[in-house]
Amino acid sequence: MTISPTDQKWSAKSYVENAGFVSDLSEDVVRLLAPQPGEKILDLGCGDGRLTEQLIDVGCDVVAIDASADMVASCKDKHIDAYVADGQNFELNQKFDATFSNAALHWMPDYDGVIKSVSNHLNQGGRFVAEFGGFANIAAIVTALSAAANKFDGDAALACPWFFPTEEFYALALEKHGFEVVTMERVSRITPLPTGIKGWLSVFRPSFFEQFDQEIQQDVLDYVVQLLEPSLQDEQGNWWADYARLRFYAKKS
Ligand code: BEZ
């Protein structure tokens with residue numbers, strides 16, 4: 001079986017159970033967006049739609065897109081105007097005052113495609129406001145997965161399918177596409193994992209473990225957990241993730 005590094009399966013239900021904190025921790029980026037009633041906003045990589053609902057509650061006219069049909073179905077259940085689309089190359093035939101994105105851009109390694117598509121859909125002076133994983137995000141987790149791939153003869157590329165750029169790199173990419181970067185920061189945010197590291201891995205990296213024969217998958221998981229215990233488990237047994245967020249506000253000039 002061949003598994004592509006970015007081959008990610010999503011279940012809206014499992015996401016809510018194991019990673020509901022992703023929307024809970026979005027206050028800063030929503031504040032940076034400062035959505036106003038009546039604004040037309042594109043939510044790029046909307047996930048289960050919890051944040052999209054917040055923007056709608058403010059009085060914004062929101063369109064949401066996500067690559068996962070399961071996530072889009074969950075949005076539609078919430079009466080959100082949502083579509084399955086690839087954030088790296090989309091065409092919606094409408095323009096927006098702002099594009100918003102939380103915890104999604106690190107799944108889109110074609111950053112040029114993302115920025116170009118966003119620019120094509122913004123009105124002049126429109127803003128692109130987002131938060132996602134920046135350089136050194138979840139470094140301990142990626143290192144443990146890579147070590148497990150080496151030990152069990154797996155594919156180390158499956159340990160890190162994500163794009164975690166530095167602030168300098170992403171700012172240049174935005175400027176290249178005609179954006180003025182108003183703010184760009186990278187913030188370390190050690191984050192509690194309500195269902196532990198196993199819950200996190202089951203949502204975000206199932207395909208890493210599925211590359212191994214079924215009989216050894218538990219051994220691989222146990223090895224990863226053992227490697228991570230000293231750095232990500234506290235003295236009370238709680239698990240944390242070593243997140244580093246890139247957060248920016250850019251204007252189409
Ligand atoms: C993040 O939000 O930074 C993230 C989540 C899942 C996998 C990788 C990164």
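These values consider heavy atoms only, across backbone and side chains, with no hydrogens, waters or symmetry-generated copies. All ligand and atom numbering here is 1-based and tracks the order in the structure.
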Those atoms of ligand 1 less than 4.0 Å from some heavy atom in Ile138: 8 (C)
Charged N-O contact under 4.0 Å between Arg186 and Glu131: no
Summary of side chain to side chain donor-acceptor pair (under 3.5 Å) pairs that have at least one residue in residues 111-123, sequence neighbours excluded: Asp97-Asn123, Asp112-Lys176, Asp112-His177
Trp200 neighbourhood, listing ligand 1 atoms whose heavy-atom distance to it stays under 4.0 Å: 6 (C), 7 (C)
Region of Arg205 engaging ligand 1 - heavy atom pairs below 4.0 Å: neither
Arg245 near ligand 1 by a heavy-atom separation under 4.0 Å: yes
By ring-ring contact (aromatic ring centres under 6.0 Å, His included) - contacts of Phe212 (at least two apart): Phe208
Region of Trp162 that comes within reach of ligand 1 [heavy atoms, distance under 4.0 Å]: side chain
Cluster link Leu228 to Trp240, ILVMFWY, side chain under 4.5 Å: no
Close-contact set for ligand 1 against Asn137 heavy atoms, below 4.0 Å: 1 (C), 3 (O), 9 (C)
Under-4.0 Å salt bridge between Glu185 and Arg247: yes
